[in-house]
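A short write-up of the structure that comes next.
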Amino acid sequence: MSVKTVLFTGGAGFIAGHVIPLLLERDYRVRILDNMTRGDRERVAEWEQTGKVELVERDVRYGGAVRSAMTGCTHVIHFATVSINKSIADPHESIDINMTGNHNVFAAAADEGVQRLVFASSASVYGEPERLPMHEDDQLRPLTPYCISKRAGEDLLGFYQRHSGLSWNALRFFNVYGPGQKIEAYYTSVINHFIERLRAGLPPVIDGKGEQSMDFVHVHDLARSVVCALESEQANLPINIGTGVDTSIATLAKILIDAVGVDVQPTFNPRDVLVSRRAADISRAREVLGWVPEITVEQGMTDLVRASG
Ligand SMILES: NC(=O)c1ccc[n+]([C@@H]2O[C@H](COP(=O)([O-])OP(=O)(O)OC[C@H]3O[C@@H](n4cnc5c(N)ncnc54)[C@H](O)[C@@H]3O)[C@@H](O)[C@H]2O)c1
């Protein structure tokens with residue numbers, strides 16, 4: 001039987017840290033391609049001890065480096081990216097990494113004839129949703145260079161599928177949270193902010209009425225979806241990965257107050273806020289990947305508070 005080898009770009013980052021153990025359990029070898037701007041060196045060094053993980057410390061912007069790292073790989077997971085915040089502050093860098101990087105990875109995967117490529121897309125490709133839950137066929141109105149590059153990445157995968165028979169799935173991750181997340185995460189930094197205040201005995205401060213909502217999906221559930229997308233029979237689709245539940249900021253505050261176990265009430269800061277809401281339609285994930293989330297927001301937040309305590 002041939003060895004299954006995954007080229008994992010951005011494989012030293014937060015979400016990858018939860019996917020790689022699942023890949024090792026399933027007998028994949030993993031070649032991480034990461035420039036280590038945000039990567040976790042200690043974690044990578046631990047995996048290297050298994051003899052099944054190697055680190056190629058290079059940048060996805062360099063096509064030659066991507067091509068040589070792709071040699072002999074049977075599967076690809078493409079996560080390397082710069083975040084939304086950085087894409088607004090520095091659109092040039094963002095376009096370079098997220099557009100040129102995407103193309104380098106997809107073109108090399110198509111040339112290598114890999115069995116499957118999984119691309120980390122994002123719920124942000126939808127922009128402000130017209131309705132909930134958000135369905136994959138809804139109109140896309142990406143708002144920032146990061147979101148635009150995620151959408152373009154999905155379209156580019158369609159090109160390599162038609163041109164070279166590349167087999168792919170693009171996972172539109174909703175609001176990912178869980179152990180190991182960096183505190184400045186664009187959408188989910190509110191979780192850490194509330195936890196820090198509660199631990200100091202202070203109430204969470206909510207702008208407006210706290211009606212704005214997110215679809216919080218736990219990184220353990222999300223990691224399983226990546227492996228399902230690598231192995232599914234059906235492919236070549238964008239697929240929402242969320243829970244289908246929109247949790248308002250006011251509800252999140254209540255959940256975290258219970259999880260931390262303090263006797264405070266949230267404070268409301270009366271001002272006009274844009275009430276954006278998020279909830280994924282996850283029927284396609286269930287049908288195509290056989291994936292359903294297992295961790296409720298209440299459970300996941302409680303575990304997070306315990307783990308970071
Ligand atoms: N975390 C979320 O809530 C979320 C939501 C939607 C989509 N996503 C997507 O999921 C993927 C993983 O996200 P994450 O939260 O683990 O991010 P992360 O920042 O923790 O990991 C990204 C990794 O990519 C590496 N990297 C950055 N630029 C690179 C370059 N030019 N060349 C090679 N490596 C480079 C970084 O060093 C880092 O290890 C990303 O594509 C992200 O856009 C994440």
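Order of appearance sets the numbers: ligands from 1, and atoms from 1 within every ligand.
Legend: residues meeting ring-ring contact (aromatic ring centres under 6.0 Å, His included) with H92, ordered by chain and number and at least two apart, are absent.
Counting heavy atoms only, T81 comes closest to atom 27 (C) of ligand 1 of the residues I77, T81, D59, V125. Closest heavy-atom approach to atom 32 (N) of ligand 1 among the candidates V19, V60, V176, T9: V60. Within the set Y146, F79, F8, the minimum heavy-atom distance to atom 41 (O) of ligand 1 is found for F79.
Heavy-atom separations between R172 and ligand 1 are all 4.0 Å or longer. At least one heavy atom of K150 lies less than 4.0 angstrom from ligand 1. For A12, the heavy-atom gap to ligand 1 drops under 4.0 angstrom. Distances shorter than 4.0 angstrom do not occur between any heavy atom of Y177 and any atom of ligand 1.
Interface of A80 with ligand 1, defined as ligand atoms under 4.0 Å from a residue heavy atom, comprises 24 (O), 33 (C), 34 (N), 35 (C). Close contacts of ligand 1 with G13, meaning ligand atoms under 4.0 Å from a residue heavy atom, involve 20 (O), 21 (O), 39 (O). Those atoms of ligand 1 with a heavy atom of R38 less than 4.0 angstrom away are 18 (P), 19 (O), 36 (C), 37 (O), 38 (C), 39 (O). Residue contact check: F14 has heavy atoms under 4.0 Å from atoms 15 (O), 16 (O), 20 (O) of ligand 1. Close approach of ligand 1 to G39 is summarised as follows: ligand atoms under 4.0 Å from at least one heavy atom of the residue are 37 (O), 39 (O). Near F174, the atoms of ligand 1 lying under 4.0 angstrom from a non-hydrogen atom of the residue are 5 (C).
R116 places a side-chain N or O within donor-acceptor distance of the main-chain N or O of A229, the cut-off being under 3.5 Å.
A tilted orientation is assigned to the rings of H103 and Y160, their planes being inclined by 30° to 60°.
Under a hydrophobic-cluster definition in which Ile, Leu, Val, Met, Phe, Trp and Tyr are linked whenever side-chain heavy atoms come within less than 4.5 Å, directly or via other members, W291 and L22 are assigned to the same cluster. Residues F119 and V288 are members of separate hydrophobic clusters, defined by side-chain heavy-atom contacts under 4.5 angstrom among Ile, Leu, Val, Met, Phe, Trp and Tyr. Under the 4.5 Å side-chain heavy-atom criterion for Ile, Leu, Val, Met, Phe, Trp and Tyr, L171 and L157 are members of distinct hydrophobic clusters.
Residues H75 and F8 place their aromatic rings such that the two centres sit no closer than 6.0 Å.
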Exercise. Passes side-chain contact (heavy atoms from CB on, under 4.5 Å), V56 versus I32? Steps please.
Worked result: CA-CA 6 Å; V56 178; I32 296 172; over 6 Å; no
For this session: Let me see the working for I206 and T267 under side-chain contact (heavy atoms from CB on, under 4.5 Å), right down to the final yes or no.
Result: CA-CA 6 Å; I206 296 174; T267 308; over 6 Å; no
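On a distance-only criterion, I15 and ligand 1 share at least one N/O pair closer than 3.5 Å. Checked by distance only, ligand 1 and D34 come closer than 3.5 Å through their nitrogen or oxygen atoms.
Here S121 has backbone heavy atoms under 4.0 Å from ligand 1, and that is the only part of it that gets that close. The part of I97 lying near ligand 1 is the side chain, judged by heavy-atom distances below 4.0 Å. Under 4.0 Å from ligand 1, the heavy atoms of M36 that appear belong solely to its backbone.
A side-chain N or O of Y126 and one of N240 form a donor-acceptor pair less than 3.5 Å apart.
Sorted by first and then second residue, the side chain to side chain donor-acceptor pair (under 3.5 Å) pairs involving residues 247-258 (not counting sequence neighbours) are S248-T251.
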